[in-house]
Amino acid sequence: MVRNPQDSFTINPIFARPGEVDSVDKYILPKESMLPETAYQIVHDESMLDGNARLNLATFVSTFMDPQADKLYAEAYDKNAIDKDEYPQTAAMETYCWRMLADLWHAPDPANAIGCSTTGSSEACMLGGLALKRRWQEKRKAAGKPSDKPNLVMSSAVQVCWEKFCNYFDVEARYVPISLEHKVLDGFGLEAYLDENTIGVVAIMGVTYTGMYEPVKKIAKVLDDFEKKTGLDIMIHVDGASGAMIAPFVQPTLVWDFKIPRVTSINTSGHKYGLVYPGLGWVVWRSADLLPDSLVFKVSYLGGEMPTFALNFSRPGAQILLQYWAFLRYGYAGYKAVQTATMKVARYLADEIAKFEPFDLWNEPTDIPVFAWMLKPDPNRNWTLYDLSDRLRMQGWQIPAYPMPTDLTNLTVQRIVVRNGLSLDLAARLIDDIRAQISHLNNMGCKLPDRKDAVFHH
Ligand SMILES: *Cc1c(COP(=O)(O)O)cnc(C)c1O
(Lines give C-alpha, C1' and ligand atoms only; values in the text may rest on other atoms or scores of the structure.)
Protein backbone atom coordinates (compact mmCIF):
# COMPACT_ATOMS: atom_id res chain seq x y z
CA MET A 1 0.00 0.00 0.00
CA VAL A 2 1.31 3.45 -0.90
CA ARG A 3 0.79 5.98 1.86
CA ASN A 4 -0.08 9.58 1.35
CA PRO A 5 3.07 11.42 2.47
CA GLN A 6 0.91 13.68 4.66
CA ASP A 7 0.08 10.63 6.76
CA SER A 8 3.66 10.31 7.81
CA PHE A 9 3.13 13.21 10.22
CA THR A 10 0.38 11.50 12.10
CA ILE A 11 1.24 7.82 11.72
CA ASN A 12 4.98 7.90 12.29
CA PRO A 13 6.13 7.27 15.82
CA ILE A 14 6.78 10.55 17.55
CA PHE A 15 10.56 10.51 17.47
CA ALA A 16 10.59 9.39 13.81
CA ARG A 17 8.57 12.30 12.48
CA PRO A 18 9.69 15.24 10.40
CA GLY A 19 10.70 17.89 12.88
CA GLU A 20 12.03 15.29 15.30
CA VAL A 21 14.27 13.55 12.77
CA ASP A 22 15.59 16.82 11.35
CA SER A 23 17.28 19.40 13.49
CA VAL A 24 15.26 22.57 13.91
CA ASP A 25 16.51 26.04 13.25
CA LYS A 26 16.99 28.00 16.45
CA TYR A 27 17.52 31.49 15.14
CA ILE A 28 15.32 31.76 12.05
CA LEU A 29 11.53 31.51 12.15
CA PRO A 30 10.81 28.11 10.51
CA LYS A 31 9.40 28.39 6.99
CA GLU A 32 6.78 25.70 7.52
CA SER A 33 4.50 24.71 10.37
CA MET A 34 4.92 21.54 12.41
CA LEU A 35 2.44 19.49 14.36
CA PRO A 36 1.66 20.96 17.77
CA GLU A 37 2.74 17.76 19.48
CA THR A 38 6.06 17.75 17.65
CA ALA A 39 6.71 21.36 18.70
CA TYR A 40 5.66 20.43 22.22
CA GLN A 41 8.08 17.54 22.33
CA ILE A 42 10.98 19.66 21.10
CA VAL A 43 10.39 22.41 23.67
CA HIS A 44 9.64 19.95 26.44
CA ASP A 45 12.81 17.97 25.74
CA GLU A 46 15.07 21.00 25.62
CA SER A 47 13.66 22.27 28.89
CA MET A 48 14.59 18.93 30.51
CA LEU A 49 18.17 20.21 30.36
CA ASP A 50 17.31 22.98 32.81
CA GLY A 51 18.00 22.29 36.45
CA ASN A 52 15.34 20.73 38.65
CA ALA A 53 13.52 23.74 40.15
CA ARG A 54 12.96 22.06 43.52
CA LEU A 55 16.70 21.37 43.90
CA ASN A 56 17.53 24.97 43.05
CA LEU A 57 18.63 26.31 46.44
CA ALA A 58 19.88 29.50 44.78
CA THR A 59 16.47 30.98 44.12
CA PHE A 60 14.06 32.67 46.50
CA VAL A 61 11.18 32.08 44.12
CA SER A 62 8.40 29.57 44.86
CA THR A 63 8.71 26.20 43.22
CA PHE A 64 5.80 24.52 44.95
CA MET A 65 2.09 25.20 45.23
CA ASP A 66 -0.83 22.92 46.03
CA PRO A 67 -2.65 21.26 43.10
CA GLN A 68 -5.65 23.58 43.59
CA ALA A 69 -3.39 26.50 42.79
CA ASP A 70 -2.21 24.76 39.62
CA LYS A 71 -5.85 24.33 38.67
CA LEU A 72 -6.66 27.97 39.34
CA TYR A 73 -3.62 29.00 37.35
CA ALA A 74 -4.76 26.94 34.34
CA GLU A 75 -8.22 28.49 34.58
CA ALA A 76 -6.87 32.04 34.61
CA TYR A 77 -3.83 32.09 32.36
CA ASP A 78 -5.72 34.05 29.70
CA LYS A 79 -6.58 36.98 31.97
CA ASN A 80 -4.75 40.26 31.48
CA ALA A 81 -4.32 42.09 34.77
CA ILE A 82 -4.57 45.53 33.14
CA ASP A 83 -8.05 44.87 31.69
CA LYS A 84 -9.74 46.06 34.85
CA ASP A 85 -12.97 46.67 32.97
CA GLU A 86 -13.12 43.15 31.49
CA TYR A 87 -11.92 41.41 34.65
CA PRO A 88 -13.24 43.56 37.47
CA GLN A 89 -13.02 40.71 39.97
CA THR A 90 -9.32 40.20 39.28
CA ALA A 91 -8.95 43.92 40.00
CA ALA A 92 -11.01 43.49 43.18
CA MET A 93 -8.86 40.56 44.31
CA GLU A 94 -5.74 42.64 43.72
CA THR A 95 -7.17 45.22 46.13
CA TYR A 96 -8.06 42.55 48.73
CA CYS A 97 -4.44 41.39 48.63
CA TRP A 98 -2.64 44.70 49.07
CA ARG A 99 -5.17 45.73 51.72
CA MET A 100 -4.36 42.55 53.63
CA LEU A 101 -0.66 43.39 53.31
CA ALA A 102 -1.23 46.98 54.50
CA ASP A 103 -2.94 45.53 57.55
CA LEU A 104 -0.32 42.82 58.11
CA TRP A 105 2.39 45.51 57.96
CA HIS A 106 0.55 47.76 60.43
CA ALA A 107 -0.43 50.67 58.20
CA PRO A 108 -2.06 53.10 60.66
CA ASP A 109 -5.26 53.13 58.59
CA PRO A 110 -5.22 50.34 55.98
CA ALA A 111 -8.34 51.76 54.31
CA ASN A 112 -6.35 54.91 53.60
CA ALA A 113 -3.22 53.06 52.44
CA ILE A 114 -2.52 52.56 48.76
CA GLY A 115 -0.83 49.71 46.94
CA CYS A 116 -0.70 47.55 43.85
CA SER A 117 0.64 44.34 42.41
CA THR A 118 3.67 44.25 40.14
CA THR A 119 5.63 41.63 38.21
CA GLY A 120 7.96 41.21 41.18
CA SER A 121 9.91 43.15 43.76
CA SER A 122 12.07 44.72 41.06
CA GLU A 123 9.13 46.61 39.59
CA ALA A 124 7.78 47.25 43.09
CA CYS A 125 11.12 48.79 44.14
CA MET A 126 11.13 50.98 41.01
CA LEU A 127 7.68 52.26 41.94
CA GLY A 128 8.72 52.84 45.55
CA GLY A 129 11.84 54.67 44.36
CA LEU A 130 9.91 56.74 41.83
CA ALA A 131 7.46 57.89 44.50
CA LEU A 132 10.37 58.93 46.75
CA LYS A 133 11.99 60.80 43.90
CA ARG A 134 8.83 62.60 42.74
CA ARG A 135 7.86 63.60 46.28
CA TRP A 136 11.31 65.00 46.89
CA GLN A 137 11.23 66.88 43.56
CA GLU A 138 7.82 68.38 44.22
CA LYS A 139 8.89 69.49 47.68
CA ARG A 140 12.11 71.03 46.36
CA LYS A 141 10.31 72.84 43.54
CA ALA A 142 7.71 74.20 45.92
CA ALA A 143 10.56 75.56 48.05
CA GLY A 144 12.21 77.11 44.98
CA LYS A 145 15.24 74.84 45.31
CA PRO A 146 17.06 72.83 42.61
CA SER A 147 15.87 69.26 42.13
CA ASP A 148 18.24 67.91 39.53
CA LYS A 149 20.66 65.93 41.71
CA PRO A 150 18.67 63.34 43.65
CA ASN A 151 20.50 60.59 45.52
CA LEU A 152 19.37 57.40 47.23
CA VAL A 153 21.25 55.90 50.18
CA MET A 154 21.51 52.14 50.72
CA SER A 155 23.84 49.29 51.60
CA SER A 156 26.46 48.09 49.14
CA ALA A 157 24.68 44.71 49.43
CA VAL A 158 21.41 45.87 47.84
CA GLN A 159 19.74 43.71 45.26
CA VAL A 160 20.58 44.67 41.68
CA CYS A 161 17.11 46.19 41.12
CA TRP A 162 18.20 49.25 43.14
CA GLU A 163 21.24 49.74 40.93
CA LYS A 164 18.87 49.55 37.98
CA PHE A 165 16.47 52.04 39.53
CA CYS A 166 19.26 54.56 40.04
CA ASN A 167 20.65 53.97 36.57
CA TYR A 168 17.34 54.06 34.68
CA PHE A 169 15.82 56.97 36.57
CA ASP A 170 18.88 59.19 36.97
CA VAL A 171 19.35 59.00 40.70
CA GLU A 172 22.82 58.96 42.25
CA ALA A 173 23.29 55.68 44.12
CA ARG A 174 25.11 56.13 47.43
CA TYR A 175 26.28 52.80 48.75
CA VAL A 176 27.23 52.40 52.39
CA PRO A 177 29.84 49.61 52.35
CA ILE A 178 29.34 46.59 54.59
CA SER A 179 32.23 45.27 56.67
CA LEU A 180 33.03 42.48 59.07
CA GLU A 181 31.91 44.70 61.99
CA HIS A 182 28.82 46.00 60.17
CA LYS A 183 27.54 43.13 58.11
CA VAL A 184 24.43 45.09 57.13
CA LEU A 185 23.37 48.74 56.91
CA ASP A 186 22.78 49.38 60.60
CA GLY A 187 22.93 53.17 60.82
CA PHE A 188 26.65 53.23 61.51
CA GLY A 189 28.27 56.05 59.52
CA LEU A 190 24.99 56.66 57.72
CA GLU A 191 24.87 60.42 58.33
CA ALA A 192 27.91 61.02 56.13
CA TYR A 193 25.88 59.86 53.12
CA LEU A 194 22.85 62.09 53.68
CA ASP A 195 22.18 65.60 52.43
CA GLU A 196 19.35 67.79 51.14
CA ASN A 197 19.33 65.83 47.86
CA THR A 198 18.68 62.48 49.52
CA ILE A 199 15.28 61.21 48.33
CA GLY A 200 15.26 58.33 50.80
CA VAL A 201 17.07 55.45 52.47
CA VAL A 202 16.48 51.82 51.53
CA ALA A 203 16.39 49.32 54.39
CA ILE A 204 16.51 45.67 53.38
CA MET A 205 14.56 43.03 55.23
CA GLY A 206 16.51 40.02 54.13
CA VAL A 207 19.74 41.03 52.36
CA THR A 208 20.00 38.91 49.25
CA TYR A 209 23.61 37.88 49.85
CA THR A 210 23.06 36.49 53.32
CA GLY A 211 19.41 36.73 54.35
CA MET A 212 20.19 39.14 57.22
CA TYR A 213 17.71 41.84 58.28
CA GLU A 214 18.77 45.46 58.43
CA PRO A 215 17.63 47.07 61.69
CA VAL A 216 14.99 49.44 60.35
CA LYS A 217 14.33 50.95 63.77
CA LYS A 218 17.99 51.85 64.29
CA ILE A 219 18.20 53.35 60.80
CA ALA A 220 15.05 55.40 61.53
CA LYS A 221 16.64 56.64 64.78
CA VAL A 222 19.68 57.94 62.89
CA LEU A 223 17.32 59.73 60.50
CA ASP A 224 15.33 61.18 63.43
CA ASP A 225 18.52 62.60 64.93
CA PHE A 226 19.58 63.88 61.52
CA GLU A 227 16.25 65.69 61.12
CA LYS A 228 16.63 67.32 64.54
CA LYS A 229 20.02 68.67 63.51
CA THR A 230 19.31 69.67 59.93
CA GLY A 231 15.54 69.89 59.48
CA LEU A 232 15.81 67.36 56.63
CA ASP A 233 13.02 64.79 56.77
CA ILE A 234 14.29 61.64 55.01
CA MET A 235 11.94 58.68 54.51
CA ILE A 236 12.62 54.95 54.42
CA HIS A 237 11.52 52.45 51.81
CA VAL A 238 11.73 48.90 53.17
CA ASP A 239 12.78 46.32 50.59
CA GLY A 240 11.02 43.36 52.15
CA ALA A 241 11.27 41.17 49.02
CA SER A 242 11.60 38.11 51.22
CA GLY A 243 11.47 39.29 54.85
CA ALA A 244 8.16 41.15 54.66
CA MET A 245 6.49 37.75 54.35
CA ILE A 246 8.66 36.12 57.04
CA ALA A 247 8.92 38.68 59.85
CA PRO A 248 5.14 39.06 60.50
CA PHE A 249 4.92 35.31 61.14
CA VAL A 250 8.31 34.28 62.52
CA GLN A 251 9.40 37.45 64.36
CA PRO A 252 6.01 39.07 65.16
CA THR A 253 7.47 41.34 67.86
CA LEU A 254 10.22 42.81 65.65
CA VAL A 255 9.41 46.42 64.78
CA TRP A 256 10.36 47.06 61.15
CA ASP A 257 7.20 48.02 59.25
CA PHE A 258 4.68 50.92 59.17
CA LYS A 259 4.79 50.98 62.97
CA ILE A 260 7.86 53.13 62.34
CA PRO A 261 6.49 56.49 61.12
CA ARG A 262 9.45 57.06 58.84
CA VAL A 263 8.67 53.94 56.78
CA THR A 264 6.64 55.25 53.84
CA SER A 265 6.54 52.23 51.56
CA ILE A 266 7.24 48.49 51.65
CA ASN A 267 7.59 45.98 48.86
CA THR A 268 7.53 42.21 48.84
CA SER A 269 7.74 39.45 46.26
CA GLY A 270 4.49 37.50 46.19
CA HIS A 271 6.51 34.86 44.40
CA LYS A 272 9.07 34.48 47.20
CA TYR A 273 7.78 33.83 50.72
CA GLY A 274 4.32 34.99 49.57
CA LEU A 275 4.27 31.39 48.30
CA VAL A 276 3.08 32.09 44.73
CA TYR A 277 4.68 30.97 41.44
CA PRO A 278 6.95 33.49 39.63
CA GLY A 279 5.59 36.75 38.28
CA LEU A 280 4.20 38.66 41.26
CA GLY A 281 5.27 41.46 43.58
CA TRP A 282 3.55 44.01 45.82
CA VAL A 283 4.19 47.55 46.96
CA VAL A 284 2.19 49.39 49.61
CA TRP A 285 2.41 53.03 50.79
CA ARG A 286 1.42 53.78 54.38
CA SER A 287 -1.11 56.38 53.19
CA ALA A 288 -2.45 57.45 49.81
CA ASP A 289 -0.95 60.96 50.02
CA LEU A 290 2.56 59.48 49.89
CA LEU A 291 2.05 58.36 46.30
CA PRO A 292 2.18 61.58 44.24
CA ASP A 293 -0.85 62.07 41.99
CA SER A 294 1.44 63.06 39.16
CA LEU A 295 2.62 59.43 38.87
CA VAL A 296 -0.85 57.91 38.62
CA PHE A 297 -2.54 57.00 35.32
CA LYS A 298 -6.17 56.06 34.82
CA VAL A 299 -7.52 52.97 33.01
CA SER A 300 -11.19 52.36 32.30
CA TYR A 301 -13.05 50.36 34.89
CA LEU A 302 -16.76 49.55 35.02
CA GLY A 303 -17.68 52.54 32.92
CA GLY A 304 -15.52 54.77 35.09
CA GLU A 305 -11.81 55.08 35.67
CA MET A 306 -9.38 53.32 37.94
CA PRO A 307 -6.05 54.80 38.99
CA THR A 308 -3.00 52.64 38.20
CA PHE A 309 0.72 52.94 38.83
CA ALA A 310 2.91 50.43 36.97
CA LEU A 311 5.79 50.16 34.54
CA ASN A 312 4.04 47.50 32.44
CA PHE A 313 0.69 47.63 30.73
CA SER A 314 -0.37 44.03 29.99
CA ARG A 315 0.70 41.27 32.32
CA PRO A 316 -0.76 38.01 33.62
CA GLY A 317 -3.65 38.31 36.06
CA ALA A 318 -3.43 34.68 37.16
CA GLN A 319 -0.75 35.31 39.80
CA ILE A 320 -3.04 37.77 41.55
CA LEU A 321 -5.65 35.04 41.86
CA LEU A 322 -2.98 32.69 43.17
CA GLN A 323 -1.97 35.21 45.84
CA TYR A 324 -5.54 35.64 46.96
CA TRP A 325 -5.90 31.86 46.99
CA ALA A 326 -2.74 31.55 49.12
CA PHE A 327 -3.96 34.20 51.58
CA LEU A 328 -7.29 32.38 51.96
CA ARG A 329 -5.81 28.89 52.01
CA TYR A 330 -3.04 29.57 54.54
CA GLY A 331 -4.32 32.45 56.60
CA TYR A 332 -2.04 33.82 59.32
CA ALA A 333 -1.75 30.42 61.01
CA GLY A 334 -0.83 28.66 57.79
CA TYR A 335 1.85 31.16 56.81
CA LYS A 336 3.26 30.89 60.31
CA ALA A 337 3.31 27.10 60.07
CA VAL A 338 4.95 27.05 56.64
CA GLN A 339 7.57 29.69 57.44
CA THR A 340 8.36 28.11 60.82
CA ALA A 341 8.88 24.74 59.17
CA THR A 342 11.14 26.37 56.58
CA MET A 343 13.13 28.08 59.34
CA LYS A 344 13.55 24.72 61.07
CA VAL A 345 15.03 23.17 57.92
CA ALA A 346 17.39 26.15 57.55
CA ARG A 347 18.44 25.74 61.20
CA TYR A 348 19.14 22.04 60.64
CA LEU A 349 21.19 22.71 57.50
CA ALA A 350 23.19 25.52 59.12
CA ASP A 351 23.97 23.36 62.18
CA GLU A 352 25.11 20.47 60.02
CA ILE A 353 27.16 22.69 57.71
CA ALA A 354 28.85 24.36 60.70
CA LYS A 355 29.99 20.89 61.82
CA PHE A 356 31.99 20.29 58.64
CA GLU A 357 35.62 21.01 59.37
CA PRO A 358 36.36 23.34 56.41
CA PHE A 359 33.44 25.73 57.00
CA ASP A 360 32.58 28.78 59.09
CA LEU A 361 29.08 30.19 58.95
CA TRP A 362 28.88 33.80 57.78
CA ASN A 363 25.51 34.14 59.47
CA GLU A 364 22.93 32.06 61.31
CA PRO A 365 19.54 31.59 59.65
CA THR A 366 17.75 33.55 62.36
CA ASP A 367 16.14 36.22 60.14
CA ILE A 368 14.89 34.66 56.92
CA PRO A 369 15.61 30.98 56.24
CA VAL A 370 18.76 31.84 54.30
CA PHE A 371 22.38 31.61 55.37
CA ALA A 372 25.86 31.68 53.91
CA TRP A 373 29.15 30.14 54.86
CA MET A 374 32.80 30.52 53.93
CA LEU A 375 35.93 28.38 53.93
CA LYS A 376 38.30 28.54 56.89
CA PRO A 377 41.71 29.61 55.64
CA ASP A 378 43.91 26.55 55.02
CA PRO A 379 46.98 26.72 52.76
CA ASN A 380 46.86 22.95 52.18
CA ARG A 381 43.34 22.90 50.84
CA ASN A 382 43.31 22.62 47.08
CA TRP A 383 39.67 23.37 46.40
CA THR A 384 37.32 26.33 46.65
CA LEU A 385 33.62 26.84 47.23
CA TYR A 386 33.23 27.17 43.46
CA ASP A 387 34.51 23.61 43.11
CA LEU A 388 32.10 22.38 45.77
CA SER A 389 29.29 24.18 43.97
CA ASP A 390 30.23 22.39 40.71
CA ARG A 391 30.40 19.01 42.42
CA LEU A 392 26.97 19.48 44.02
CA ARG A 393 25.57 20.53 40.66
CA MET A 394 26.44 17.05 39.42
CA GLN A 395 23.98 15.66 41.97
CA GLY A 396 21.35 18.16 40.81
CA TRP A 397 21.74 20.65 43.69
CA GLN A 398 22.18 24.26 42.71
CA ILE A 399 24.02 26.05 45.51
CA PRO A 400 25.91 29.09 44.26
CA ALA A 401 29.24 30.44 45.49
CA TYR A 402 29.95 34.13 44.92
CA PRO A 403 32.08 37.02 46.10
CA MET A 404 30.65 39.43 48.69
CA PRO A 405 30.00 43.07 47.73
CA THR A 406 32.10 46.21 48.43
CA ASP A 407 34.23 46.26 50.79
CA LEU A 408 34.41 42.49 51.13
CA THR A 409 34.90 41.40 47.52
CA ASN A 410 37.85 39.13 48.35
CA LEU A 411 35.59 37.01 50.51
CA THR A 412 33.74 34.14 48.83
CA VAL A 413 30.63 32.65 50.38
CA GLN A 414 28.19 29.92 49.47
CA ARG A 415 24.51 30.37 50.21
CA ILE A 416 21.42 28.25 50.70
CA VAL A 417 17.90 29.60 50.39
CA VAL A 418 15.42 27.28 52.09
CA ARG A 419 11.90 27.40 50.69
CA ASN A 420 8.60 25.70 51.21
CA GLY A 421 9.09 22.28 49.61
CA LEU A 422 12.60 21.51 50.90
CA SER A 423 11.69 18.93 53.49
CA LEU A 424 13.88 17.94 56.41
CA ASP A 425 14.32 14.55 54.76
CA LEU A 426 15.52 16.06 51.48
CA ALA A 427 17.78 18.40 53.49
CA ALA A 428 19.39 15.36 55.13
CA ARG A 429 20.17 13.96 51.66
CA LEU A 430 21.82 17.29 50.83
CA ILE A 431 24.04 17.01 53.89
CA ASP A 432 25.02 13.47 52.81
CA ASP A 433 25.95 14.83 49.39
CA ILE A 434 27.96 17.73 50.83
CA ARG A 435 29.85 15.32 53.08
CA ALA A 436 30.63 13.02 50.15
CA GLN A 437 31.77 15.89 47.94
CA ILE A 438 34.02 17.42 50.62
CA SER A 439 35.66 14.06 51.00
CA HIS A 440 36.01 13.73 47.22
CA LEU A 441 37.59 17.18 46.90
CA ASN A 442 39.93 16.59 49.86
CA ASN A 443 41.18 13.42 48.20
CA MET A 444 41.89 15.02 44.85
CA GLY A 445 45.65 15.36 44.42
CA CYS A 446 46.08 18.23 42.01
CA LYS A 447 45.38 21.89 42.57
CA LEU A 448 42.31 23.09 40.72
CA PRO A 449 42.54 26.28 38.70
CA ASP A 450 41.51 29.48 40.45
CA ARG A 451 37.91 30.36 39.82
CA LYS A 452 37.14 34.05 39.91
CA ASP A 453 34.75 33.91 36.98
CA ALA A 454 31.51 33.10 38.76
CA VAL A 455 28.76 35.67 38.46
CA PHE A 456 26.34 36.01 41.32
CA HIS A 457 22.79 36.35 40.12
CA HIS A 458 21.54 38.34 43.05
C1 LIG B 1 14.64 39.12 45.15
C2 LIG B 1 14.89 40.46 45.65
C3 LIG B 1 14.58 41.57 44.86
C4 LIG B 1 14.06 41.45 43.46
O5 LIG B 1 12.83 40.81 43.49
P6 LIG B 1 12.15 40.10 42.25
O7 LIG B 1 10.84 39.71 42.81
O8 LIG B 1 13.02 38.95 41.89
O9 LIG B 1 12.04 41.11 41.15
C10 LIG B 1 14.77 42.82 45.41
N11 LIG B 1 15.27 42.97 46.65
C12 LIG B 1 15.59 41.92 47.43
C13 LIG B 1 16.12 42.16 48.81
C14 LIG B 1 15.42 40.62 46.95
O15 LIG B 1 15.72 39.58 47.73
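Counting starts at 1 for both ligands and their atoms, in listed order. It should be emphasised that the depicted structure is a prediction, and the values quoted were computed from it without experimental measurement.
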May I ask you to check if ligand 1 and Q159 share an N or O to N or O distance below 3.5 Å?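 There is no such contact.
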
Would you mind checking which non-hydrogen protein atom is closest to atom 11 (N) of ligand 1, with the distance to 0.1 Å? D239 OD2, 2.6 Å

Has C161 got any heavy atom lying under 4.0 angstrom from an atom of ligand 1?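 Per 4.0 Å heavy-atom rule, C161 contacts ligand 1.
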
Determine whether more than 12 heavy atoms belonging to other residues, nucleotides or ligands lie under 6.0 Å from atom CZ of F169.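 Correct, the count exceeds 12.
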
Show me which atoms of ligand 1 lie under 4.0 Å from any heavy atom of G120.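 Close to G120: 7 (O), 9 (O).
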
Taking 4.0 Å as the limit for heavy-atom contacts, which would you say applies to I204 with ligand 1: side chain only, backbone only, both, or neither?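 Just the side chain.
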
Looking only at side-chain N and O atoms, does N112 offer a donor or acceptor that is under 3.5 Å from a partner on S287?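 Looking only at side-chain atoms, N112 and S287 do not form any donor-acceptor pair under 3.5 Å.
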
Just to check, does H271 reach to within less than 4.0 Å of ligand 1 when the distance is taken from its heavy atoms? yes

Any side-chain donor paired with an acceptor under 3.5 Å for S117 and E94? yes

Going by atom types only, do W282 and Q323 share a side-chain donor-acceptor pair under 3.5 Å?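 Yes, Q323 and W282 have a side-chain donor paired with an acceptor closer than 3.5 Å.
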
Donor-acceptor contact below 3.5 Å, side chain N80 vs main chain S314: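 Not at all, since once roles are kept as given, no pair shorter than 3.5 Å links the two residues.
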
Just need the protein heavy atom nearest to atom 9 (O) of ligand 1, so name the residue and atom and give the distance. S122 OG, 2.6 Å

With under 30° as parallel and over 60° as perpendicular, where do the rings of F359 and W373 fit, or are they tilted in between? tilted

With backbone taken as N, CA, C and O and side chain as the heavy atoms from C-beta onward, which portion of S269 lies under 4.0 Å from ligand 1: side chain, backbone, both, or neither? side chain

The closest protein heavy-atom partner of atom 5 (O) of ligand 1 is S121 CB, 3.1 Å

Using a 4.0 Å cut-off to any heavy atom of G206, which atoms of ligand 1 qualify? 13 (C)

Could you verify whether a donor N or O on one side chain and an acceptor N or O on the other, from N312 and E123, lie under 3.5 Å apart?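 Side-chain D/A pair, N312 to E123: present.
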
Could you go through residues 291-298 and list every donor-acceptor pair under 3.5 Å that involves a side-chain atom there, pairing it with any protein atom two or more places apart or in another chain?
unit_1 : atom_1 : unit_2 : atom_2 : d
S294   : OG     : R134   : NH1    : 3.0
S294   : OG     : E138   : OE2    : 2.8

Here the atoms of ligand 1 under 4.0 Å from any heavy atom belonging to A241 are 2 (C), 3 (C), 10 (C), 11 (N), 12 (C), 13 (C), 14 (C), 15 (O)

Less than 4.0 Å is my threshold; does some heavy atom of K272 fall inside it relative to ligand 1? yes

